[in-house]
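Remember, it's 1-based here, ligands and their atoms both numbered in the order they're listed. Numbers here simply count residues along the sequence, with the first being 1.
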Amino acid sequence: MTDGSARVRIAPSPTGDPHVGTAYVALFNRTLARQTGGQFLLRIDDTDRTRYQASSEQKIFDALRWLGLDWDEGPDLGGPCAPYRQSERTDIYQQRVDILLNSGCAYRCFCSAETLAEAREIQKKNKMRLGYPGTCRDLDPTEARQRAAKEEPHVIRLRVPDEGQTAFVDQIRGEIRVDNSEIDDQVLIKTDGFPTYHMANVVDDIEFGITHVVRAEEWLISTPKHVLIYQALGQSLPKFFHVPLLRNADHSKISKRKNPVSLDWFREQGYLKEAILNFLALMGWSPADEQEVFDLDRFQQEFNIEKISTGAPVFDLVKLDWLNGMHIRKMDPQALLQRLDEEGFLPPGVSCQDAAPILPLVTERMVRLSEFCDRTDWYFGEPAAPTADQLIPKKGTHETSRMALAGALQLLADVTTFEAAFIEPVLDQILDQNSLKKPQLFMPLRWALTSRQDSPDLIEVIMVLGKDRALDRISRALEILVNTP
Ligand code: GLU
């Protein structure tokens, strides 16, 4: 496109759960389209029928929409280049391959799998380059056509020049040159009549008018093959950007054996879409001011595709957790409540309104939204009573805990306004009157009120529970203590 607007695409294969790598590449593509006033397309690469999973496509749509990475054209939206599913475009690939057959740039190959395996063994034994040995390269095209007409199984291969080099520019890495002798006569159409990824991908990128191919680094090795197909079809090249692969801690390509990779998993765990996008953006790019917490708008303003790093970003869940916590605390409380509700993280029967008083108490330590129920169970329900052991802190005794709880029960009963300004002096008074150290009061009280060790700030807990519930729980705990010698 001459006006500088980018027409870009992602092309996920529907082979399983929506992959985090799809969102990563979608983020860069969509941002480029939005920055340049172009279009972001979603194509479904479903020509590999052996790995195809029918439910996968919808899951990909849902996950990307959940993240806010919506597209302008795609199988579900339609558009000027429909259909956007490769399995529905086989006649288009066939037309293009016929052009290549007629011009001699492609040829039919009738070699069986066994013949190819034998050839490979010989190549291995003689330490030769592994690849198609060229057996059918010089078959008479008319004869080949007749054999094909009789439905003899065959594939169609690209005739890669024996000599010379294939060159292209990767906008992130610079010029890349490969000797043609290193490039195999790749299969364009398989025996089942479906195109290979290489063929379908190039034909679609041409048909869709794709100007910038932004995809993961793992495809860099395929790009010389693609360039040869573009050339054979007499087409100019799009701009290529190969973004760094997401990696496991051991630097291997990210895999589900070593990392969660399904976007559904991240959603179920209660990661915010804002945090995921922020995290993915940081995998390939960093802002000039090194302010690592940002939103999509800011990313869109500042991102420069030419500045994508070539490093090997390690997918670090600890970092994602940190970002998630930061985004949770950045969010407007009302919006956060709404999100907890929408994503199904409020306890059953609890409304946003019910959850509003407790929210500020737990956000400080919350890492994932899924923790909300656990962190607030003492508030929404009656927690199991603490044991006497739990009520006695390490640096306390049965007697210090008894004094602490009895003091609290007595003095809090006299407080009429349950606000910090009135509760705080009461706690100080209990400490003074009984010569207690802070943990000797706070720990038993914490256990008494919440039945847990890591509750929010104690004064806030007392306030949010209100007088009746707080006193009930303290008295229950005191009883347990007194009844346990
Ligand atoms: N179907 C490929 C994938 O699953 C598309 C690669 C490309 O963008 O060219 O990632």
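A salt bridge links Asp204 with Arg43: the closest approach of a Lys/Arg side-chain nitrogen to an acidic carboxylate oxygen falls below 4.0 angstrom.
Each of the following atoms of ligand 1 lies closer than 4.0 Å to a heavy atom of Arg215: 7 (C), 8 (O), 9 (O). Ligand-side atoms of ligand 1 in range of Trp219: 2 (C), 3 (C), 6 (C), 10 (O), range being under 4.0 angstrom from any heavy atom.
Nearest non-hydrogen protein atom to atom 9 (O) of ligand 1 is Tyr197 OH, 2.6 Å. Looking at atom 2 (C) of ligand 1, its nearest protein heavy atom turns out to be Ala11 O, 3.3 Å. Closest protein heavy atom to atom 4 (O) of ligand 1: Ser13 OG, 3.3 Å. Closest protein heavy atom to atom 8 (O) of ligand 1: Arg9 NH1, 2.7 Å.
Proximity annotation for atom 1 (N) of ligand 1: of Asp45, Ile44, Thr223, Asp45 comes nearest, heavy atoms only.
Put simply, the residue from Asp48, Ile44, Asp45 that forms a side-chain contact (heavy atoms from CB on, under 4.5 Å) with Gln86 is Asp45.
Ligand 1 has no N or O atom lying under 3.5 Å from any N or O atom of Arg43, backbone or side chain. Checking only distances, Pro12 never comes within under 3.5 Å of ligand 1, N or O to N or O.
The distance between the ring centers of Phe299 and Trp285 falls below 6.0 angstrom.
In this model, a donor atom of one side chain and an acceptor atom of the other lie less than 3.5 Å apart for Thr223 and His242.
In this structure, Arg137 places its CZ atom where more than 12 heavy-atom neighbours from other residues, nucleotides or ligands lie under 6.0 Å away.
Classified by interplanar angle (parallel below 30°, tilted 30° to 60°, perpendicular above 60°), the ring pair Tyr271/Trp265 is tilted.
Using modelled atom types, one side-chain atom of Asn126 and one backbone atom of Ile122 make a donor-acceptor pair closer than 3.5 Å.
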